[in-house]
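Here is the structure we will look at, set down as structure tokens.
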Amino acid sequence: MVGDIISERVGDFKSEWWARSSRNPGRHRPESAFRRLPPAFVAMEACGASHYWARELRSLGHEVAMIPPQYVKPYVQRGKSDAADAEAICEAASRPKLRKNFVPIKSPEQQGAQMLTRVRAQFISRRTQVANSIRGYAAEFGFTAPKGLSRLPQLLIDIKADATVPDLAIELIEALATELARVDDQIAKLDKKLMQLHRSNEMSRRLAAIPGVGPIGATLLSIKVVDARGFKSARNFAAWLGLTPKNHSTAGKNRLGVITRAGDGMLRTVLVAGATAVIADMRRRETRSWPWLKDIIARKPPKLVAIALANKLARIAWKLMVSGERYRPASSVVPMPT
């Protein structure tokens with residue numbers, strides 16, 4: 001990463017970059033090289049360790065910018081090397097239009113909160129993997145169970161009660177069941193920590209009032225969106241989450257494809273899942289007073305409706321984060337006199 005850092009001197013805009021072959025400050029103690037420099041504009045690719053180095057360089061008096069790798073790659077010419085990467089970062093950092101895409105620098109507390117969400121997602125993925133393994137091995141001996149984690153205990157009881165199942169198979173399935181219980185316990189602990197974050201965050205409490213967002217979605221939004229004012233509009237925020245269609249327009253003809261799926265996949269997944277729950281609730285009980293949603297449900301496929309509603313929820317969340325307002329259901333809004 002250090003070989004990919006460039007420094008642009010403030011004032012004369014003279015750019016210089018370090019590579020292994022030329023003035024590389026080293027990968028082990030690079031801060032000593034930057035400590036000797038006068039205050040400068042330092043740009044680097046955003047990565048796992050970039051937030052730490054951004055805080056360190058900022059403490060030395062430098063101005064730091066982190067650029068998403070996808071905006072740097074177009075400026076890499078031919079071969080891949082530290083020098084070529086540094087030159088590409090220099091070119092990307094000098095483009096005025098790219099400045100709005102610079103990544104905000106996160107604090108250690110923000111990184112710790114984001115780590116909580118990622119670790120929780122890993123444990124949930126592990127739980128699904130173990131549960132599917134139990135179902136697969138049980139099927140080899142003729143045992144099946146309906147969908148849902150709540151059905152697994154009865155499946156385990158049935159396997160143990162069958163005398164035709166070998167002792168070794170029962171022992172291995174019990175080992176998987178023990179692992180599943182351990183992972184479940186870890187997820188429960190992480191959920192408690194997540195709820196503590198939710199209750200202690202005023203913004204998260206406001207966002208949770210949006211239908212389909214809930215405590216988990218609200219906490220993720222408050223953790224992962226460092227500065228909502230960095231987005232020009234609610235549509236830009238929805239586009240950042242990958243909830244807008246791909247544009248393949250040409251020759252004056254608009255051609256919109258599938259959603260881009262750009263940005264944070266975890267946030268997008270939570271919003272789409274919440275939107276799906278809202279649609280199911282509306283079909284079952286008709287509790288939501290969104291006429292446009294009822295109309296689109298009647299005309300469009302369910303998954304497309306879920307994406308459209310997730311886009312709407314993202315825009316509402318952006319508005320609340322920027323304005324500091326609280327969510328007001330459509331039924332509680334007093335119409336303006338005509």
Side-chain angles (χ1 to χ4, degrees), residues 1 44-56 66 68-70 103-136 147-150 152-153 174-208 210 212-228 230 237 240-243 261-277 310 313-314 317-318 321:
M1 184 201 71
M44 66 181 80
E45 279 188 329
C47 65
S50 60
H51 291 277
Y52 166 78
W53 285 112
R55 292 192 299 267
E56 291 292 310
M66 295 188 299
Q70 62 266 32
V103 179
I105 300 172
K106 296 182 178 68
S107 66
E109 291 75 19
Q110 289 172 324
Q111 286 188 282
Q114 290 200 9
M115 181 179 173
L116 171 62
T117 62
R118 291 195 296 267
V119 171
R120 178 179 176 274
Q122 288 176 354
F123 273 111
I124 291 175
S125 177
R126 174 60 179 162
R127 180 175 64 183
T128 303
Q129 180 186 18
V130 175
N132 288 341
S133 295
I134 293 175
R135 290 178 180 275
K147 292 181 180 180
L149 291 173
S150 62
L152 289 181
E174 285 181 344
L176 288 174
T178 302
E179 172 70 4
L180 182 63
R182 185 189 69 82
V183 174
D184 256 334
D185 184 57
Q186 288 292 337
I187 293 174
K189 291 178 180 178
L190 294 176
D191 282 342
K192 288 181 180 179
K193 293 183 182 294
L194 200 65
M195 288 305 297
Q196 289 174 0
L197 279 177
H198 167 66
R199 295 190 187 100
S200 63
N201 190 308
E202 187 271 339
M203 180 186 294
S204 179
R205 294 196 302 271
R206 284 191 291 108
L207 294 175
I210 304 173
V213 174
I216 292 179
T219 306
L220 287 174
L221 283 167
S222 62
I223 288 173
K224 291 179 172 290
V225 183
V226 180
D227 183 15
F237 180 64
W240 176 71
L241 290 174
L243 292 170
R261 296 185 181 180
D264 194 290
M266 189 184 300
L267 264 179
R268 184 172 59 254
T269 300
V270 170
L271 288 175
V272 173
T276 304
L313 298 179
W318 177 85
M321 286 188 285

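Keep in mind that this is a model prediction, so the values were computed, not measured.
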Next item on the list: Test side-chain contact (heavy atoms from CB on, under 4.5 Å) on Q111 and M115 and set out the steps.
Entry: CA-CA 6 Å; Q111 286 188 282; M115 181 179 173; over 6 Å; no
Check: How many angstroms lie between atom CG of L241 and atom CG of L313, to the nearest 0.5 angstrom?
Finding: 11.0 Å
Note to self: Rounded to the nearest 0.5 Å, what separates atom CZ in R205 from atom NE2 in H198?
What the structure shows: 7.5 Å
Measure the shortest side-chain to side-chain distance between [X] and [Y] over non-hydrogen atoms and say whether it is less than 4.5 angstrom.
{"X": "H51", "Y": "Q114", "value": "no"}
{"X": "T219", "Y": "M195", "value": "no"}
{"X": "L176", "Y": "L180", "value": "no"}
{"X": "L194", "Y": "L116", "value": "yes"}
{"X": "I216", "Y": "T117", "value": "no"}
{"X": "Q186", "Y": "R127", "value": "no"}

For the pair [X] (side chain) and [Y] (backbone), establish whether a donor and an acceptor sit closer than 3.5 Å, ignoring hydrogens and angles.
{"X": "S222", "Y": "A218", "value": "yes"}
{"X": "R120", "Y": "I187", "value": "no"}
{"X": "N132", "Y": "T128", "value": "yes"}

Notebook entry, point to check: Hey, is D264 close enough to R268 for a salt bridge, meaning N to O under 4.0 Å?
Noted result: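 Judged by the 4.0 Å cut-off on N to carboxylate O distance, D264 and R268 do not form a salt bridge.
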Note to self: Could you check whether R182 pairs with E179 (Lys NZ or Arg NE/NH1/NH2 to Asp/Glu carboxylate O, under 4.0 Å)?
What the structure shows: yes
Margin query: Would L243 and V272 count as a side-chain contact (heavy atoms from CB on, under 4.5 Å) here? Give the steps.
Written below: CA-CA 9 Å; L243 292 170; V272 173; 4.2 Å; yes
